[in-house]
Amino acid sequence: MKLNSLKLSQFKNYQEVKISFSAGINCILGKNGMGKTNLLDAIHYLSMTRSALNGIDQQNISHGEKYFAINSEFTLQDKPLVINCYFEQGKKKVFKVDGKEMEKLSEHIGNVPSVLILPDDTEIIKEGSEVRRKFFDSVISQHDRAYLELLMNMQRLLKQRNSFLKSNDGNLKINHNLINVYDEALLPIFRSIVEKRTAFIEHFSPFFSENYALIFEGEEIPDITYKSEVTEDHFEESYKKGLQKDIILQRTNKGAHKDDYAFKLNERPIKKFGSQGQQKSFIIALKLAEYDYLKAQKGFEPLLLLDDIFDKLDDDRIERLITLLTDSERFSQIFMTDARAERSRAFFKDHDDRISFYDISNGAIR
């Protein structure tokens, strides 16, 4: 897959700009605050129908304007593909693929898979289970439409059940018939989601281990373990016995929405014992594994978006990463940013045939 051109209108700090891209590595250079990350986020919009940085569409409109538009031309498996996104204040977001409007935005997820690496991605390690679930849910949803439907149904039912619990205001006398209706719908969804997550992590883990070894050659052994109460014996009984706690706390405390993924390095939690460089390497390996996994599932290369990728990496890991990224057989098109132009130009000086440089200043691209 190749993104040939991108046109932004009133998107964040871009008033009006159109840019053509090359195969290989497209390196976006410029000082901080000039719009490098915003450009990657526009590409992410085309893939996931939303911003990776700000979930409120209205706040992605240029200051003082009323709408934004993202227009693009792709080549997907030797066929042209046109994707347009338009959002106007007070109206619903419109997504069109080859001129056809998507009735549901979720229908578009997976059409143009992408992998985005941001400097703040170490939060996947440092923060709570919700962040890790969100990451892996996004990976699975880009190739498994049924999984995405399960997720949306679970979230809808949990929202309704939790709203009912809140309306009950902690009163232990509750309408059990209505609770049972929610539970009878939720329990099989929990099981189906856990089955898919379990199967996914078994296929994903080898990609992850291979990529970590490529970034760091040494004695470090990384590991990801999926953990879910739903797989425990007598979970359904435990879930129903937890109703009193749910009533008091006014939320659902057991289920697939509480699952977690344990990240370890040499059998110790990387969150506690990993250095900044090790954590960054872990995240890069995680995202490159996402790339390889989606490529295997979809049968074509996703887009790879790298924001400030060299930060907090030592020279050895950077050298290994450069070797990975310049592999034309593995990566067909990469978009990366760097605030230090001289650094990227030096790193890629021997790869002129694989890289194109773009300079950004205040929303203008050269």
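- For D307 and T37, the side-chain atoms include at least one donor-acceptor pair closer than 3.5 Å.
- Remark: the T225 side chain and the D223 side chain contain an N/O donor-acceptor pair separated by less than 3.5 Å.
- A donor-acceptor pair shorter than 3.5 Å can be found between the side chains of D259 and S228.
- The residues E232 and K227 are annotated as not salt-bridged, no charged nitrogen and carboxylate oxygen being separated by less than 4.0 angstrom.
- Ion pair K96/E101 not flagged as a salt bridge, since none of the NZ, NE, NH1 or NH2 atoms sits closer than 4.0 Å to an Asp/Glu carboxylate oxygen.
- Between V94 and N84, the closest side-chain pair of non-hydrogen atoms is not below 4.5 Å.
- Residues Y358 and F348 fall into different hydrophobic clusters, defined by Ile, Leu, Val, Met, Phe, Trp and Tyr side chains chained together at heavy-atom separations under 4.5 Å.
- Side-chain atoms of Q278 and E220 include a donor-acceptor pair closer than 3.5 Å.
- For the side chain to side chain donor-acceptor pair (under 3.5 Å) condition, no pair includes a residue of residues 27-36, sequence neighbours left out.
- At a threshold of 4.5 Å between non-hydrogen side-chain atoms, the residues M152 and K104 do not count as touching.
- Neither M336 nor M1 shares a network with the other; the hydrophobic side chains, linked directly or stepwise wherever heavy atoms of I, L, V, M, F, W or Y lie under 4.5 Å apart, form separate groups for each.
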(message) Assess the residue pair I309 and L321 against the criterion (side chain to side chain contact (heavy atoms under 4.5 Å, CB included)); give the C-alpha distance rounded to whole Å, side-chain angles, the decisive distance to 0.1 Å, and a yes or no.
(response) CA-CA 9 Å; I309 191 70; L321 187 57; 3.6 Å; yes
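- Every pair passing salt bridge (Lys or Arg N to Asp or Glu O under 4.0 Å) that includes a residue from residues 283-297 is listed here, sequence neighbours excluded: D121-K287, D292-R330.
- Contact record, P206 with H203: CD-O, 3.4 Å, taken as the closest heavy-atom pair.
- L40 and F357 fall into different hydrophobic clusters, where Ile, Leu, Val, Met, Phe, Trp and Tyr residues are linked whenever their side-chain heavy atoms come under 4.5 Å apart, directly or through other members.
- Closest approach of M48 and S138 over heavy atoms only: CE-OG, 3.5 Å.
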(request) Step by step, work out the side chain to side chain donor-acceptor pair (under 3.5 Å) result for K166 and N168. (result) CA-CA 5 Å; K166 288 175 183 176; N168 197 62; over 6 Å; no
Anything under 3.5 Å between a donor and an acceptor, one on a side chain of residues 16-24, the other on a protein residue two or more places apart or in another chain? List them.
unit_1	atom_1	unit_2	atom_2	d
E16	OE1	S9	OG	3.2
E16	OE2	S9	OG	3.2
S22	OG	S356	OG	3.3

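- Residues R50 and H44 have side chains in contact (heavy-atom distance under 4.5 Å, counting atoms from C-beta outward).
- Here the CD1 atom belonging to I83 is positioned 11.0 Å from the CD1 atom belonging to I70, to the nearest 0.5 angstrom.
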(message) Could you walk me through whether D169 and S167 satisfy the side chain to side chain donor-acceptor pair (under 3.5 Å) test, starting with their C-alpha distance in whole Å, then the side-chain angles of each, then the deciding distance to 0.1 Å, before giving a yes or no?
(response) CA-CA 5 Å; D169 200 25; S167 69; over 6 Å; no
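- K271 places none of its side-chain heavy atoms less than 4.5 Å from the side chain of F263.
- Looking at D246 and R251, no side-chain N of the basic residue comes within less than 4.0 Å of a carboxylate O on the acidic one, giving no salt bridge.
- Between K264 and I270, the closest side-chain pair of non-hydrogen atoms is not below 4.5 Å.
- In this structure, the salt bridge (charged side-chain N to carboxylate O under 4.0 Å, His left out) partners of D316, at least two apart in sequence or on a different chain, are R320.
- Every pair passing salt bridge (Lys or Arg N to Asp or Glu O under 4.0 Å) that includes a residue from residues 354-366 is listed here, sequence neighbours excluded: R345-D359, D359-R366.
- Note on residues 52-61: pairs passing salt bridge (Lys or Arg N to Asp or Glu O under 4.0 Å), not counting sequence neighbours, are D57-K93.
- Side-chain atoms of Y147 and E149 form no donor-acceptor pair, as typed in the model, at a separation below 3.5 Å.
- Using a 4.5 Å cut-off on side-chain heavy atoms (C-beta onward), F95 and N111 make no contact.
- Smallest separation of non-hydrogen atoms from R317 and D314: N-OD1, 2.8 Å.
- Taking all atoms of both residues into account, the shortest heavy-atom contact from I109 to S141 is CG2-O, 3.8 Å.
- The distance between the ring centers of F310 and F347 falls below 6.0 angstrom.
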Give the table of side-chain donor-acceptor pairs shorter than 3.5 Å for residues 176-186, with sequence neighbours excluded, one pair per line with atom names and distance.
unit_1	atom_1	unit_2	atom_2	d
N180	ND2	H176	O	3.1
D183	OD1	R161	NE	2.9
D183	OD1	R161	NH2	3.4
D183	OD1	Y239	OH	2.8

(request) Starting from the C-alpha separation in whole Å, work towards a yes-or-no answer on side chain to side chain contact (heavy atoms under 4.5 Å, CB included) for L81 and V97. (result) CA-CA 7 Å; L81 177 69; V97 177; 3.6 Å; yes
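- S192 places no side-chain N or O within 3.5 Å of a backbone atom of I189 that could act as its donor or acceptor partner.
- Hydrophobic clustering, with ILVMFWY side chains joined whenever heavy atoms are under 4.5 angstrom apart, keeps L8 apart from L29.
- The closest side-chain heavy-atom distance from T337 to L39 is not below 4.5 Å.
- F204 meets the ring pair (Phe, Tyr, Trp, His ring centres under 6.0 Å) test with F136, F200; sequence neighbours excluded.
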List the atom pairs, with distances to 0.1 Å, where a side-chain N or O of residues 59-68 and a protein N or O form a donor-acceptor pair under 3.5 Å, not counting sequence neighbours.
unit_1	atom_1	unit_2	atom_2	d
Q59	OE1	N54	ND2	2.8
N60	ND2	Y45	OH	3.1
N60	ND2	N54	O	3.2
N60	ND2	I56	O	3.4
S62	OG	Q10	O	3.1
S62	OG	F11	N	3.4
S62	OG	K12	O	2.6
S62	OG	Y14	O	3.4

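- Between the side chains of R133 and Y261, no donor-acceptor pair is found at a separation under 3.5 Å.
- For the pair L6 and S72, the tightest heavy-atom approach, listed with the atom from each and the gap, is CD1-CB, 4.3 Å.
- Among residues two or more places apart in sequence or in another chain, the side chain to side chain contact (heavy atoms under 4.5 Å, CB included) test is passed with E195 by none.
- Residues I25 and F331 have side chains not in contact (no heavy-atom distance under 4.5 Å, counting atoms from C-beta outward).
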(request) Evaluate the side chain to side chain contact (heavy atoms under 4.5 Å, CB included) criterion for residues L306 and I284: first the C-alpha distance (whole Å), next the side-chain angles of each, then the deciding distance (0.1 Å), finally the verdict. (result) CA-CA 10 Å; L306 311 174; I284 293 173; over 6 Å; no
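- With sequence neighbours left out, the side chain to side chain contact (heavy atoms under 4.5 Å, CB included) criterion links R268 to F273.
- Residue K258 places its NZ atom among more than 12 non-hydrogen atoms of other residues, nucleotides or ligands, all under 6.0 Å distant.
- Nearest heavy-atom pair, D41 versus A52, reported as atom, atom and distance to 0.1 Å: OD1-N, 2.8 Å.
- A single hydrophobic cluster is seen to contain both Y212 and F207, as judged by linkage of ILVMFWY side chains at heavy-atom distances under 4.5 Å, directly or through other members.
- Partners of S361 by side chain to side chain contact (heavy atoms under 4.5 Å, CB included), not counting sequence neighbours, listed by chain and number: M34.
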(request) Go through the steps for S344 and D338 under the test side chain to side chain donor-acceptor pair (under 3.5 Å), then give the verdict. (result) CA-CA 7 Å; S344 284; D338 196 353; 2.6 Å; yes
